[in-house]
Chemist: 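Can you keep this structure in mind? I'll have questions shortly.
Naming: A, B, ... by sequence-line order, numbering from 1 per chain.
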Protein chains: 2
Amino acid sequence: MSDLLERLRGRGWRMTAQRRVVAEVLDGEHVHLTADEVHARAVAKLPEISRATVYNTLGELVTLGEVLEVSTDQRAKRYDPNAHRPHHHLVCAQCGAIRDVHPVGNPLADLPASERFGFTVSEVEVTYRGVCPNCAAA
Amino acid sequence: MSDLLERLRGRGWRMTAQRRVVAEVLDGEHVHLTADEVHARAVAKLPEISRATVYNTLGELVTLGEVLEVSTDQRAKRYDPNAHRPHHHLVCAQCGAIRDVHPVGNPLADLPASERFGFTVSEVEVTYRGVCPNCAAA
DNA sequence: TCCTACAATAGACATTGTCTAAAGCAAGCG
DNA sequence: CGCTTGCTTTAGACAATGTCTATTGTAGGA
């Protein structure tokens, strides 16, 4: 069984079949699923789960910091279970596939104070775009 | 009259009142408007313009490379008329304000070949997030 | 001026996400 | 072990954003 479920239980999360299924889907897949894809996989394990529950549960997982929300295109949010190691994303412009990547250097340091306009800058998100080997072959 | 309109005309863009109005809205504002905001401003100048036309025209401007599509949140695409100087964005996590920024260095170079997974990487998009002076004061 | 191909329009449709009111159920308590 | 309570789930309506289609309009060349 997963660490994720253990952690959630430890935080007093009320465990239900639906929540377990959603957590399992995320824990099992190391790709970045959309809410709808999570729903589809959850339905396969628990046919009566509703869309609203999947959305709710994903939202809670994000709030708890167990899952990251990534929006690399404007179509649908994707959910990244790899919330505990900082990383950035490489997105295929054609099929939308996402890989986690770890660039060298610290992009936060690349923004000089003169370019911060008084903002307190706390985060940086880097999205590389290109074409994946699959799409390039097609 | 704007450079933008001149350039478009020079490229054989068929000029219509609707397209002129959309181009003027983008050219006049140096903030990053959503499609709906562009529509609202366009309607103020040309009441009978339709939503579809605004979407189409924005799409064409993006294709022509005159305007950039930016999605800093997952709610709505925003349109950035400043397409001719590469830049990145600094977003206020509270009010959603966006500033263009110019970090030093080239983040594309920060992604080693071993982290490219066979992708042909052509673009990089950096989004800094923080709190703007206004929101920090409040 | 007239024609024709390209553009605009209204509104239906699609996708993604949110909300609500009612019914269900986990887990603590006796 | 079986209540009770309050958190969860559910179905489906609703909302926001974007896309498509068939029809009508029109810019610009002949």
Chemist: Between Glu37(A) and Arg78(A) (salt bridge meaning N to carboxylate O under 4.0 Å), is one present in this structure?
Modeler: yes

Chemist: Side chain of Met15(B), heavy atoms from C-beta onward: which of dC20(D), dG28(D), dT10(D) has the nearest atom to it?
Modeler: dG28(D)

Chemist: Expressed as a whole number of angstroms, how long is the span from Leu58(B):CG to dA8(C):C1'?
Modeler: 14 Å

Chemist: Report the C-alpha separation of Arg11(A) and Glu6(A) in whole Å, then their side-chain angles, then the decisive distance to 0.1 Å, and conclude whether the salt bridge (charged side-chain N to carboxylate O under 4.0 Å, His left out) test is met.
Modeler: CA-CA 9 Å; Arg11(A) 297 217 216 169; Glu6(A) 288 311 316; over 6 Å; no

Chemist: Separation of Ile49(A) atom CD1 from dG24(C) atom C1', in whole Å?
Modeler: 14 Å

Chemist: Please report the distance, rounded to the nearest Å, between CZ in Arg20(B) and C1' in dT26(D).
Modeler: 13 Å

Chemist: Specify the separation, in whole Å, of atom CG of Asn56(A) and atom P of dT18(C).
Modeler: 9 Å

Chemist: Within the pair Tyr55(A) and dG17(C), is there a side-chain N or O less than 4.0 Å away from OP1 or OP2?
Modeler: yes

Chemist: Over how many whole Å does the gap from Glu48(A) atom CD to dA23(C) atom C1' extend?
Modeler: 15 Å

Chemist: Would you check if there is a donor-acceptor pair between the side chains of Asp100(A) and His89(A) at a distance under 3.5 Å?
Modeler: yes

Chemist: Minimum heavy-atom separation for Tyr79(B) to Leu26(B), with atom names?
Modeler: CB-CD2, 4.2 Å

Chemist: Residues in side chain to side chain contact (heavy atoms under 4.5 Å, CB included) with Ser50(B), at least two apart?
Modeler: Ala52(B), Thr53(B)

Chemist: Just the table, please: protein N/O against nucleotides 1-8 of chain D N/O, every pair under 3.5 Å.
Modeler:
unit_1, atom_1, unit_2, atom_2, d
dG6(D), N2, Arg14(A), NH2, 2.5
dC7(D), O4', Arg14(A), NH1, 3.1
dC7(D), O2, Arg14(A), NH2, 3.0
dT8(D), OP1, Arg19(A), NH1, 3.1
dT8(D), OP1, Arg19(A), NH2, 3.3
dT8(D), O5', Arg19(A), NH2, 3.1

Chemist: Roughly, in whole Å, what's the span from NE2 in His39(B) to C1' in dA16(D)?
Modeler: 15 Å

Chemist: Please answer whether the main-chain N or O of Pro107(A) pairs with a side-chain N or O of Tyr128(B) as donor and acceptor at a distance below 3.5 Å.
Modeler: yes

Chemist: Using whole Å, what does the distance between atom P of nucleotide dT17(D) and atom NZ of Lys77(A) come to?
Modeler: 12 Å

Chemist: Got a salt bridge between Glu60(B) and Arg19(B), using NZ or NE/NH1/NH2 to carboxylate O under 4.0 Å?
Modeler: yes

Chemist: Between Arg51(B) and Ala17(B), which has a closest nucleotide on DNA chain D that is more 5'?
Modeler: Arg51(B)

Chemist: Mapping Ala52(B) and Asp36(B) to their closest nucleotides on DNA chain D, which lands nearer the 5' end?
Modeler: Asp36(B)

